[in-house]
Structure formats: C-alpha cells, structure tokens
Amino acid sequence: VVTYNIMIKGYCKSGRTRDAKGKLREMKMKRVGPDKITYLTWIQACYWDEDIASCVSLFNEMVEKRLEIPSHAYSLVISGLVKEGKCYEGFAVFDCMVKNGCKANVAIYTALIDALAKSGNGEEAMKFFERMKDEGCEPDEVTYGVIVNCLCKAGKLDMALEYLKFGHEKNIRVNAVVYSSIIDGLGKGGRVDEAEKLYEEMLDKGCTPDSYCYNTLIDAFTKCGKIDEALTLFKRMEDVGCDQTVYTYTILISGLFKEHKTDEALKMWDMMIDKGITPT
RNA sequence: CUAAGAGCUCU
C-alpha cells in the first residue's frame, strides 16, 4: 500500500492524474485495499483539479469503510464545499468531524466563517467566530481578515475598526489584507479622509501596503473627484516598487474619463499595454 | 502523507 501511495502521489503532483488513476485500478485488481493515506492523497488531487464532487464522494467512502479520517481530509472537503457556496453541506461535514472527536483547526473555522459571511449571514459568522474562541481555537491574521471584511461589506465600519484594534492588542500580525478591506470600506462609505489616515497608519506600523491597498485608496480618491491624489499614489507605487495591476489602470482610466481628461486616460491605456498588462 | 482558509475595477 505504501509504495502505491507514493506512486499515486508522485503522479498527482506532476499533473499526471491519468497515470495515478491507472495505479489506483491496479491496486484494486491486486486486491491491495486503499488506506486512509490513499484516500487523502486522492482527495488532495481532486481538490487541485477543483473536482469537489469527487472529494465528497471519496470522503463518504471513507466514512462507509469506517476508516480513520485525518484532519487534512476534513479540511479539504470543507474548504471545497464552501468554495462552491455549499455552506450548509460544509457545516454537515464539520458536524461529522466534531462527532468523530476530531478537533477543527483555525483554517476550517476561518473557511466556515467566511462562508457564512458570504452567504449573507453576517450575524451567524460573528457567532461562529465567538464559538471558535470558546472552543479554544486562536484566530490568526486570516481569521481577522475574514471578520473585518465581513463587517466592512455589511457597512459596519466602526466595528471593523474595533476589530482592527483587537487584532493589534492580541498581537495578531495584522497584514495588508485587513487594511485594504477597511480602506475599501471607508472609501466606498465616503470616508476618504479616514481611509487615507489608515493608509498612513499602516506605514507607521511598519506594514507594507500591497497593490490592493493602493488600488482601494486610488479608487476612493477617483470616486470623490480627487484625481490628483490618485495620480500621486500611482506614482508612489512605481517609486516603492509596488506592482501596478490591471485593476490600478482600470480604476485610473475610469477616473480620468470621469474628469473629462480623455487624453490622459488614453495615455494610461497605452502605458498599460506597454507594460504588458492584459486588459480584462 | 504537509496540506487547507481572507481583500481591490465595471455589472
């Protein structure tokens, strides 16, 4: 079994799923029963192929065969399900995990919180966040990213700022994702000055803004008519070596057109093409 | 077996 597992894994990793399937058939013919590692490897391969239906059926086979289910397997199946928007089914697998006495890790909790938030159950997401902490699982910077984004999208900006503070207090390595979410929220809520302050705060705290941070702030500036500030940031991106993406250009082109600066908009387009950036 | 979870443009 071990040799077969290693072969199957090798094939999957090099993208030769077909050969892997062949080895699996060979196992069955030689009556070598697949074990939990075989299943785990196979579920991982299906996950990489974005074939979640197969992940689930393999998982169900494991349950039927009463195989011990590794937490990796739960993690992959739950992440796969919620990625497809199947929040309810994700929770069914979670319940199954709890029943089997397997402890969920921070990634599983975070994926489920995000799934609740994205399906419009912001309140439930916050409750589940509390439950996670009650059950002794420490949230990390990704969890905070999900929570803050959830609050921003619900327009609860002040609460998002509170959670940013909590994160700092708990010594979470608050990263650019959290900042970009709030900058975006503030910008879209018309609180551009605060968005700019937050950008400065992150510099003060030694957190390097990435292209998402710049793009959200540039977007905020263009939408309130501050095109010059937007262009200043665009230049700063260049100066500090932050990648200008198709989002950066799209936001600026749109802003320039809105200000009737058609020539500059067209120049921006050419600049984008020159840099080898493909418009979407 | 070492994976697995978050953010930006138009709609």
Side-chain angles (χ1 to χ4, degrees), chain A residues 1-10 12-13 34-45 47-48 52 55 68 70-83 90 93-94 104-118 125 129 132 137 139-153 160 163-164 167 172 174-188 195 209-223 230 233 237 242-255 257-258 268 272 277 279-280:
Chain A
V1 210
V2 178
T3 322
Y4 273 112
N5 285 346
I6 290 168
M7 287 303 293
I8 290 172
K9 188 179 174 125
C12 289
K13 277 213 164 171
D35 67 355
K36 61 173 181 175
I37 307 289
T38 320
Y39 275 103
L40 177 61
T41 308
W42 201 246
I43 289 175
Q44 176 75 63
Y47 186 87
W48 283 331
I52 307 305
C55 288
E68 184 202 324
S71 62
H72 277 90
Y74 284 114
S75 192
L76 289 163
V77 173
I78 292 174
S79 305
L81 284 169
V82 301
K83 204 176 285 186
V93 176
F94 175 79
N105 60 29
V106 58
I108 292 176
Y109 280 109
T110 305
L112 287 169
I113 292 171
D114 189 46
L116 286 170
K118 296 240 163 74
F129 178 60
M132 159 184 185
C137 185
D140 66 6
E141 67 273 18
V142 179
T143 318
Y144 271 87
V146 169
I147 291 293
V148 162
N149 188 35
C150 168
L151 291 168
C152 286
K153 290 280 146 66
Y163 276 91
L164 172 66
I172 307 282
V174 177
N175 58 22
V177 175
V178 174
Y179 280 105
S180 72
S181 285
I182 309 184
I183 291 173
D184 189 47
L186 289 169
K188 289 194 167 61
D210 63 6
S211 69
Y212 283 71
C213 296
Y214 282 103
N215 292 345
T216 49
L217 193 52
I218 290 174
D219 187 50
F221 280 140
T222 63
K223 298 232 159 100
L233 278 177
M237 287 178 85
C242 179
D243 273 342
Q244 294 157 337
T245 66
V246 63
Y247 281 79
T248 318
Y249 284 99
T250 308
I251 292 163
L252 280 168
I253 290 170
S254 158
F257 271 125
K258 211 169 60 187
M268 220 20 113
M272 175 177 75
I277 295 169
T280 52

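Lettering of chains follows the sequences in order, A, B, ..., and the numbering in each one begins at 1. Hydrogens, waters and symmetry mates play no part in the numbers below; they use all other heavy atoms, side chains included.
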Results of salt bridge (Lys or Arg N to Asp or Glu O under 4.0 Å) for K36(A) - residues two or more places apart only:
E68(A)
Are the side chain of S79(A) and the backbone of L76(A) linked by a donor-acceptor contact shorter than 3.5 Å?
no
If the condition is side chain to side chain contact (heavy atoms under 4.5 Å, CB included), which residues does T250(A) pass it with, not counting sequence neighbours?
V246(A)
For T216(A), which contact category applies under a 4.0 Å heavy-atom criterion: base, sugar-phosphate, or nothing?
sugar-phosphate
Could you tabulate the donor-acceptor pairs under 3.5 Å formed by side-chain atoms of residues 145-153 of chain A, not counting sequence neighbours?
residue: N149(A); atom: OD1; partner: K153(A); partner atom: NZ; Å: 3.2

Dot-bracket for RNA chain B: what is it, with Watson-Crick or G-U pairs under 3.5 Å, [ ] where a pair crosses earlier ones, and | for a pair to another strand?
...........
Using a 4.0 Å heavy-atom cut-off, does K36(A) contact any base of the nucleic acid, only the sugar-phosphate backbone, or nothing at all?
nothing
Base, sugar-phosphate or nothing for W48(A)? Non-hydrogen atoms, less than 4.0 Å.
sugar-phosphate
Please classify the nucleic acid contact of I37(A) as base, sugar-phosphate, or nothing, using heavy-atom distances under 4.0 Å.
base
Which part of the nucleic acid, if any, lies within reach of V146(A) when heavy atoms closer than 4.0 Å are counted: base, sugar-phosphate only, or nothing?
sugar-phosphate
With sequence neighbours excluded, what pairs up with Y214(A) under the ring-ring contact (aromatic ring centres under 6.0 Å, His included) test?
Y199(A)
Base, sugar-phosphate, or nothing: which does T143(A) touch, judged by heavy atoms less than 4.0 Å apart?
base
Please work out if N5(A) contacts a base, only the sugar-phosphate, or nothing of the nucleic acid, heavy-atom cut-off 4.0 Å.
nothing
What pairs with Y109(A) under ring-ring contact (aromatic ring centres under 6.0 Å, His included), at least two apart in sequence or on another chain?
F94(A), F128(A)
Heavy atoms under 4.0 Å, any strand shown: does A111(A) hit a base, just sugar-phosphate, or nothing?
sugar-phosphate
List the residues meeting salt bridge (Lys or Arg N to Asp or Glu O under 4.0 Å) with D219(A), not counting sequence neighbours, and say none if there are none.
K188(A), K223(A)
First contact, last contact: which nucleotides of RNA chain B are these for chain A, 5' to 3', heavy-atom distance under 4.0 Å?
C1(B) to C10(B)
Listed partners of Y249(A) passing side chain to side chain donor-acceptor pair (under 3.5 Å), at least two apart
Q244(A)
Determine the contact category for S181(A): base if any of its heavy atoms lies under 4.0 Å from a base atom, sugar-phosphate if only primed atoms, P, OP1 or OP2 are that close, otherwise nothing.
sugar-phosphate
Answer with base, sugar-phosphate or nothing: what part of the nucleic acid does V82(A) contact at a heavy-atom distance below 4.0 Å?
nothing
If only side-chain N and O atoms count, and only distance matters, is there a donor-acceptor pair under 3.5 Å linking S180(A) with T216(A)?
no
Using a cut-off of 4.0 Å on non-hydrogen atoms, how would the nucleic acid contact of Y47(A) be classed: base, sugar-phosphate, or nothing?
sugar-phosphate
Using a heavy-atom cut-off of 4.0 Å across all strands, would you classify I251(A) as base, sugar-phosphate, or nothing?
sugar-phosphate
